[in-house]
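Input: a single structure, listed below in structure tokens.
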Amino acid sequence: MEDPAAASEQPNPLDAGPRQEASPLMATRDSGNDAGMVLPLVGPGPSAPPAPPAASSMIRTVCVIVVCIVVAFGAGTLLSPMLSQDHDGGGEDSSPFQWIWPFGPQGLTNTTTSSTRTSSTGTTSTATKTVTTTRTATTTSTSITSTSRTSTSVTETSHTSTSMTFTTTGLFPLAPFSCLSDMNLGPVKHPDKKGIALDDTTFSQCPSLTTVQWPNAKENITSLRLFKAWDATWSERYDRAQSWMALKHYIVSRGAKVLYGTQISCNETADDTDWLFVKELMIYIGREHVMGVAVGNEVELLHTQQTCSKKCAEDMFQGGYFYTKVMHRANDLQVMNGFEDVTLTTVMGGFVLGGSPFVNTKEAGVLDFFKKIYANFGRRWAWSWNTYPYFDPHIVMDEGPWHTCSKAMMAAINFAPSSMLPGQLRELRTRMQQVTGNVDDTMWLTETGWSYPRASTLSTVMRNCAEWSTNEAFALYYQGFLEWDLSLGPNVRGLDHAFFFTLRDSINFGDKENFGLIRSCKSRGCKMRHHEGVV
């Protein structure tokens, strides 16, 4: 029998070398094998002294002894495997404790004690059975203690007691998670070409609660977009090793693909540290699960942030910092065995359409950047875009004094070729063709979504439209995304992949946004539902 204490002293997975599987919590569990839980029969105790002459009271006493022992031992034998049954990562877990407590130390301990004692004149027989089961992510141990003794007493008593104690302290639930709802918004069209952008809340606080299925639908999620591999500020409150183990279990067990992101900022030391985390996580999870690497997210907007100095803004494009970092990341992948051909990209938004074909100022020299990038990487480069009709500054209110936005809603929530999202993506593909000469370059939609309740970052006139940030608007936009075939209109190549933002409500640069399909790590229910009974 494996000692749980010894199991907990396995090497830290982050100390393992490249390509080493050093994750004790990720050991595969065989749900069909409860061999560790087989309970041996408790043997008979020492022979009792000869009974006195038969009497009706003695016969009743013996019958009570036999019945109580059978009931006590039988109940313990049946309950113990049920309470400690292990579940395979790919199946459903019926235990209600798997999702209620996602934040305590790892482990699940069930204790069942059955005791029967009957005493009568001349004979006392005591049988006690204690079954203690301790379960962690990798070990299950069972101990059984039984005693039997014979003595003489002058009293007659009968007592039966049974107690069960559940202590559930799992750091992350062991079972796959999908939020609950009475609202079905599926089916999902092209589920192999759609994925979820993973928010910081889920990644740092409850990565094992990444949903297996699309919320409010039945199809499985097949891809994730990670904005980062880890944030150094998270380490004060959360354990990177545990989070990575849970994330790897989710990705490997589902066969999912990951678009990894690495930051570009005004702090070169922070950028390089972030890239070290990304390389380590990619190696830990495995090359076969890498969809691509995105270097920078909306770098063209960096000069608009208050924290960006004038020198940083000019160095980013005009000074070549951004382009140089992309080349450094590509060179690092070149010397990582198996990663030499990983698809590269950067993520930009609608701001780039401010030039022909792309904006090309000293603070946002996007056109010159793309020309040099395509000359180096050609078809290895994917073109990735963030598009949010929710934040579009060109949307206007309906005419009249009633503060309605019906026309804007119809254009923004619709996924028909003539609507806002496909229309903007179609324009972006046309601009791409002007740079590369190709009509079929790889094109990804890396973010789109809707906010309910209203996002604190919404600064357009739609703040004055009550319908814009409602539950109904959110549900319609999400359903439209699920049913969308990724087409952009006639005679135009559609998208190759699309990510929805995001799984849970989160904080963006200190501002609360409500783009999540689930409210928080404590929520069992999906945000979209007809009734509020599931939280």
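Here the side chains of T210 and L224 are in contact, with some heavy-atom distance below 4.5 Å. Within the 4.5 Å cutoff, no side-chain heavy atoms of T502 are placed close to those of T202. In this structure the side chain of I395 reaches within 4.5 angstrom of the side chain of M462, judged on heavy atoms. Residues F369 and V366 form no side-chain contact, since every pair of their non-hydrogen atoms from C-beta on lies 4.5 Å or further apart. No side-chain heavy atom of D505 sits under 4.5 Å from any side-chain heavy atom of T201. Side-chain atoms of E340 and Q334, non-hydrogen and from C-beta on, do get closer than 4.5 Å to each other. Within the 4.5 Å cutoff, the side chain of H497 has no heavy atoms near those of the L445 side chain. Looking at heavy atoms from C-beta onward, I373 lies in side-chain contact with V326 at the 4.5 angstrom threshold.
Ionic pairing of E288 and K257 is not present here: no N-O contact between side-chain nitrogen and carboxylate oxygen is shorter than 4.0 angstrom. Between K362 and D368, no side-chain nitrogen of the basic residue sits less than 4.0 Å from a carboxylate oxygen of the acidic one, so the salt-bridge criterion is not met. Salt-bridge formation is detected for the pair D441/R379: a Lys NZ or Arg NE/NH1/NH2 atom is positioned less than 4.0 Å from an Asp or Glu carboxylate oxygen. By the 4.0 Å N-to-carboxylate-O rule, D274 lies too far from K279 to be salt-bridged with it.
The aromatic rings of Y374 and W383 lie tilted to each other, with the angle between the two planes from 30° to 60°. By the 30° and 60° cut-offs, the orientation of the rings of W381 relative to F370 is perpendicular.
Aromatic ring centres of W444 and F499: separated by at least 6.0 Å. In this structure, Y388 has its ring center closer than 6.0 angstrom to the ring center of F515.
Side-chain atoms of D239 come within 3.5 Å of backbone N or O of A241 as a donor-acceptor pair. At distances below 3.5 Å, not a single donor-acceptor pair connects side-chain atoms of R454 with backbone N or O atoms of S451. Of the possible polar contacts, none joining the R225 side chain to the G195 backbone as a donor-acceptor pair under 3.5 Å is found. Side chain of R380 to main chain of T343: no donor-acceptor pair is present (N/O by atom type, distance under 3.5 Å, no hydrogens or angles). No donor-acceptor distance shorter than 3.5 angstrom exists from the side chain of T211 to the backbone of W214, with no hydrogens or angles considered. Of the possible polar contacts, none joining the H303 side chain to the A313 backbone as a donor-acceptor pair under 3.5 Å is found. At distances below 3.5 Å, at least one donor-acceptor pair connects side-chain atoms of N514 with backbone N or O atoms of P453. Counting only distance, with no hydrogens or angles, the side chain of T448 and the backbone of T387 share a donor-acceptor pair below 3.5 Å. When atom types are taken as modelled, the side chain of K189 and the backbone of L482 share no donor-acceptor pair closer than 3.5 angstrom. A donor-acceptor pair is defined here as one N or O able to donate and one able to accept, closer than 3.5 Å; such a pair exists between the side chain of R431 and the backbone of P357.
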Report task. Could you go through the side chain to side chain contact (heavy atoms under 4.5 Å, CB included) check for L333 and L344 one step at a time? Result -> CA-CA 10 Å; L333 291 171; L344 294 171; 3.7 Å; yes
Query raised in the report: Could you go step by step and tell me if F474 and W450 meet the ring pair (Phe, Tyr, Trp, His ring centres under 6.0 Å) rule?
Result: CA-CA 6 Å; F474 186 106; W450 205 266; 8.5 Å; no
**Report entry** Step-by-step side chain to side chain contact (heavy atoms under 4.5 Å, CB included) determination, Y477 to L421
**Finding:** CA-CA 11 Å; Y477 192 81; L421 179 71; 3.8 Å; yes
Report task. May I have the step-by-step check of side-chain hydrogen bond (donor to acceptor under 3.5 Å, both in side chains) for T345 and S384, ending in yes or no? Result -> CA-CA 7 Å; T345 189; S384 300; 2.7 Å; yes
Requested in this report: Take W385 and M432, measure what side chain to side chain contact (heavy atoms under 4.5 Å, CB included) needs, and give me the verdict at the end.
Outcome: CA-CA 11 Å; W385 310 106; M432 290 161 47; 3.6 Å; yes
Report task. Report the C-alpha separation of S235 and W230 in whole Å, then their side-chain angles, then the decisive distance to 0.1 Å, and conclude whether the side-chain hydrogen bond (donor to acceptor under 3.5 Å, both in side chains) test is met. Result -> CA-CA 9 Å; S235 299; W230 191 250; 2.9 Å; yes
Requested in this report: Show your working on side-chain hydrogen bond (donor to acceptor under 3.5 Å, both in side chains) between S265 and N267 and close with a plain yes or no.
Outcome: CA-CA 5 Å; S265 69; N267 187 330; 5.7 Å; no
Requested in this report: Kindly indicate, with the supporting measurements, whether the criterion side chain to side chain contact (heavy atoms under 4.5 Å, CB included) is fulfilled by V295 and W275.
Outcome: CA-CA 9 Å; V295 184; W275 175 238; 5.9 Å; no
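Looking at D231 and Y238, their side chains never bring a donor and an acceptor atom within 3.5 Å of each other. No side-chain donor from either of T460 and Y390 sits under 3.5 Å from a side-chain acceptor of the other. Looking only at atom types and distance, the side chain of H249 has no donor-acceptor partner in the side chain of S208 under 3.5 Å away. Between the side chains of D200 and S506, no donor-acceptor pair of N or O atoms lies under 3.5 Å. No hydrogens or angles considered: a donor-acceptor pair under 3.5 Å links the side chains of N386 and T446. Side chains of W234 and S243: a donor-acceptor N/O pair is absent below 3.5 angstrom, by distance only.
F203 does not carry K228 over the face of its six-membered ring by the limits of under 6.0 Å from the centre and within 45° of the normal. Judged by the 6.0 Å and 45° rule, R240 forms a cation-pi pair with W244.
Q242 contributes atom CD, which lies 13.0 Å from atom CG of L247 (distance to the nearest 0.5 angstrom). Residue I196 holds its CD1 atom at 12.0 Å from CG of L226, rounded to the nearest 0.5 Å. A distance of 5.5 Å separates CG of L495 from CG of L425, quoted to the nearest 0.5 Å.
Taking every heavy atom of both residues into account, K512 and S456 meet most closely at O-OG, 2.8 Å. R504 and R519 get closest at one heavy-atom pair: CB-O, 4.5 Å. For the residue pair L486 and K193, the shortest heavy atom distance occurs at CD1-CB, 3.7 Å. The minimum heavy-atom distance between R493 and L488, with the atom names listed, is O-CD1, 3.5 Å. Here the closest non-hydrogen pair linking M327 and N376 is CE-OD1, 3.7 Å. Listed here is the closest heavy atom pair of K194 and F481: NZ-O, 2.6 Å.
Taken together, C308 and C266 fail the criterion of an SG-SG distance shorter than 2.5 Å.
A side chain to side chain contact (heavy atoms under 4.5 Å, CB included) with N297 is found for exactly one of E447, Q263, M348, namely E447.
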